Amino acid sequence: MSDIAYVNGAYVPLEDAKISILDRGFLFADGVYEVAAVIDGKLIDNEAHIARLERSLGELRLESPVSMAEIVEIEKALVARNSVTEGMVYLQMTRGAAERDFSFPKGVTPTLVGFAQKKNILASPYAGKGIKVVTVPDLRWARRDIKSVALLAQVLAKQAATEAGCQEAWMVDSDGFVTEGSSSTAFIVTGTGAIVTRPNSAAILPGCTRRSAMALAQERGLTIEERAFTVAEAYDAAEAFLTSASNLVLPIVSIDGRPLSDGSPGPHARRLRALYLDFARATAV
Ligand code: PDD
């Protein structure tokens with residue numbers, strides 16, 4: 001974990017990084033966050049993360065006390081001050097601390113906090129062997145395109161995965177279609193080699209890694225179908241994989257205990273991981 005965190009303009013040791021119990025992030029989950037990967041001490045795909053942060057803030061009418069350029073400087077400072085060469089940087093902005101009242105408080109400055117985490121992203125043990133996924137009902141609200149800190153449904157989903165001996169949960173809407181992973185975008189590859197993922201809408205978070213991975217796939221002439229897919233179609237898929245800032249591209253080798261193809265990571269997932277890594281390193285800042 002971070003030794004040094006950022007809290008409202010100051011870099012402080014983690015144990016001194018504190019916010020009010022009246023903070024609306026704590027009381028109402030009235031806030032948004034972003035997570036960007038760090039490789040070679042640099043931020044990965046960060047322009048997309050900052051653009052999404054700005055959009056999330058706008059959707060919640062949360063006015064940032066600092067510019068997006070300053071936020072990038074905070075991210076870089078957290079990486080440097082914590083000597084993170086590989087891992088993640090986390091930022092969260094809430095509507096601030098105010099007497100508890102559901103509607104927006106007046107004249108309150110938003111809270112901005114951040115920290116960094118070291119993590120083996122390149123040498124992830126799951127890159128070689130793939131991960132297992134379990135499906136769960138999607139219990140979330142109707143604005144999943146906003147990267148809100150209201151993550152209780154995702155917490156329950158990931159816990160179900162952990163208890164099932166899996167590493168990720170795919171959430172499923174009431175019509176039987178997969179929305180996304182608890183903290184990742186969901187993909188399958190059909191028997192004819194088409195990469196299928198749900199189109200962006202209010203039903204899912206528009207993944208930054210998804211966007212770049214799809215652009216790379218398209219540049220290589222791979223077929224992409226942006227459409228929803230059912231759990232039944234996923235069971236029969238040739239391959240599956242996920243994308244996220246914290247795991248980049250990871251192959252999925254089984255869903256609900258059913259192995260996909262021969263139960264080993266598929267060629268599309270392996271190729272896209274390699275392509276994404278090259279892209280990430282070439283464009284890191
Ligand atoms: N989660 N869908 C959900 C619900 C997510 O929480 C995430 C990311 C993604 C992938 O988005 P991106 O490629 O931009 O990271 C999709 C982050 C990593 C987290 O909460 O830790």
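None of these values were measured; they are calculated from a predicted model. Note that these values count all heavy atoms, side chains included, but never hydrogens, waters or copies made by symmetry.
Side-chain atoms of E180 come within 3.5 Å of backbone atoms of L205 as a donor-acceptor pair (strictly under, hydrogens ignored). The closest donor-acceptor contact from the side chain of E225 to the backbone of T197 lies at 3.5 Å or more, if one exists at all. Without hydrogens or angle criteria, R24 side chain to D101 main chain gives a donor-acceptor distance under 3.5 Å. At least one donor-acceptor pair under 3.5 Å links the side chain of T190 to the backbone N or O of A194. Panel note: side chain N120, backbone A123; no donor-acceptor pair is recorded below 3.5 Å. Side-chain atoms of D16 do not come within 3.5 Å of backbone N or O of V12 as any donor-acceptor pair. A donor-acceptor pair under 3.5 Å links the side-chain atoms of R95 to the main chain of L60, judged by distance alone.
No more than 12 heavy atoms of other residues, nucleotides or ligands shown are found within 6.0 angstrom of CD on E63. Annotation for R220: atom CZ counts as buried by contact number, over 12 foreign heavy atoms lying within 6.0 Å. Heavy-atom neighbours of E99 CD from other residues, nucleotides or ligands within 6.0 Å: at or below the threshold of 12. Heavy-atom contacts from other residues, nucleotides or ligands closer than 6.0 Å to NZ of K132 number 12 or fewer.
Every residue was checked against the salt bridge (charged side-chain N to carboxylate O under 4.0 Å, His left out) condition with D256, not counting sequence neighbours, and none meets it. For E233, the salt bridge (charged side-chain N to carboxylate O under 4.0 Å, His left out) criterion is met by R227, not counting sequence neighbours. Listed by chain and number, the residues in a ring pair (Phe, Tyr, Trp, His ring centres under 6.0 Å) with Y126 amount to none (sequence neighbours excluded).
Shortest non-hydrogen contact noted between A186 and V178 is CB-CG1, 4.0 Å. Of all heavy-atom pairs spanning G263 and P259, the tightest one is CA-CB, 4.1 Å. Contact detail for A116 and N82: the closest heavy-atom pair is CB-ND2, 4.0 Å. The two residues G87 and I121 make their nearest non-hydrogen contact at O-CD1, 3.1 Å. Nearest approach of E168 to S184, heavy atoms of both residues: OE2-OG, 2.7 Å. The minimum heavy-atom distance between A245 and T209, with the atom names listed, is N-OG1, 3.2 Å.
In this structure, F229 has its ring center no closer than 6.0 Å to that of F177. Taking the centre of each ring, F102 and F28 come in below the 6.0 Å mark.
Note: E47 CD to S212 OG = 10.0 Å, rounded to the nearest 0.5 Å. A distance of 12.0 Å separates CE of M93 from CG of D30, quoted to the nearest 0.5 Å. How far NZ of K42 is from OG1 of T85: 13.0 Å, rounded to the nearest 0.5 Å. Going from atom CD1 of I131 over to atom CG of N247 covers 7.0 Å, rounded to the nearest 0.5 Å. One distance of note links CD1 of I204 with CE of M171; it measures 10.0 Å at 0.5 Å rounding. Rounding to the nearest 0.5 angstrom, the gap separating the CG atom in L78 from the OH atom in Y11 is 5.5 Å.
Residues F241 and L260 fall into different hydrophobic clusters, defined by Ile, Leu, Val, Met, Phe, Trp and Tyr side chains chained together at heavy-atom separations under 4.5 Å. Put simply, I39 and Y276 are part of the same group of oily side chains (I, L, V, M, F, W, Y) that touch within less than 4.5 Å, one to the next. The cluster map of Ile, Leu, Val, Met, Phe, Trp and Tyr, joined by side-chain heavy atoms under 4.5 Å apart, puts V196 and I224 in different clusters. Cluster membership for V285 and I71, using ILVMFWY side-chain heavy atoms within less than 4.5 angstrom, is shared. A continuous path of Ile, Leu, Val, Met, Phe, Trp and Tyr side chains, each step under 4.5 Å between heavy atoms, connects L151 with V35, placing both in one hydrophobic cluster.
The closest side-chain heavy-atom distance from T283 to D45 is not below 4.5 Å. Using a 4.5 Å cut-off on side-chain heavy atoms (C-beta onward), F104 and R61 make contact.
Salt bridge status for E59 with R143: present, with a side-chain N to carboxylate O gap under 4.0 Å. Classification of E226 and R210 as a salt-bridged pair holds, one side-chain N sitting under 4.0 Å from a carboxylate O. A salt bridge links D138 with R144: the distance from a Lys NZ or Arg NE/NH1/NH2 to an Asp or Glu carboxylate oxygen falls below 4.0 Å.
For the 3.5 Å distance criterion, the side chains of S261 and E239 fail to qualify, holding no donor opposite an acceptor. No hydrogens or angles considered: nothing links the side chains of Q154 and S183 as a donor-acceptor pair under 3.5 Å. Inspection of the K76 and N46 side chains reveals no N or O donor paired with an N or O acceptor under 3.5 Å. Using modelled atom types, one finds no donor on one side chain facing an acceptor on the other under 3.5 Å when comparing S56 with K147. Side chain to side chain, Q159 and T162 fail the donor-acceptor criterion of an N or O pair below 3.5 Å.
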Candidate pair D23 and T94, rule side chain to side chain donor-acceptor pair (under 3.5 Å), full reasoning: CA-CA 8 Å; D23 193 277; T94 76; 2.7 Å; yes
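Of the options T243, L277, I195, L248, a side chain to side chain contact (heavy atoms under 4.5 Å, CB included) to L272 is made by I195 and by none of the others. Between D145 and the options R55, R52, R140, R198, a salt bridge (charged side-chain N to carboxylate O under 4.0 Å, His left out) holds for only R55.
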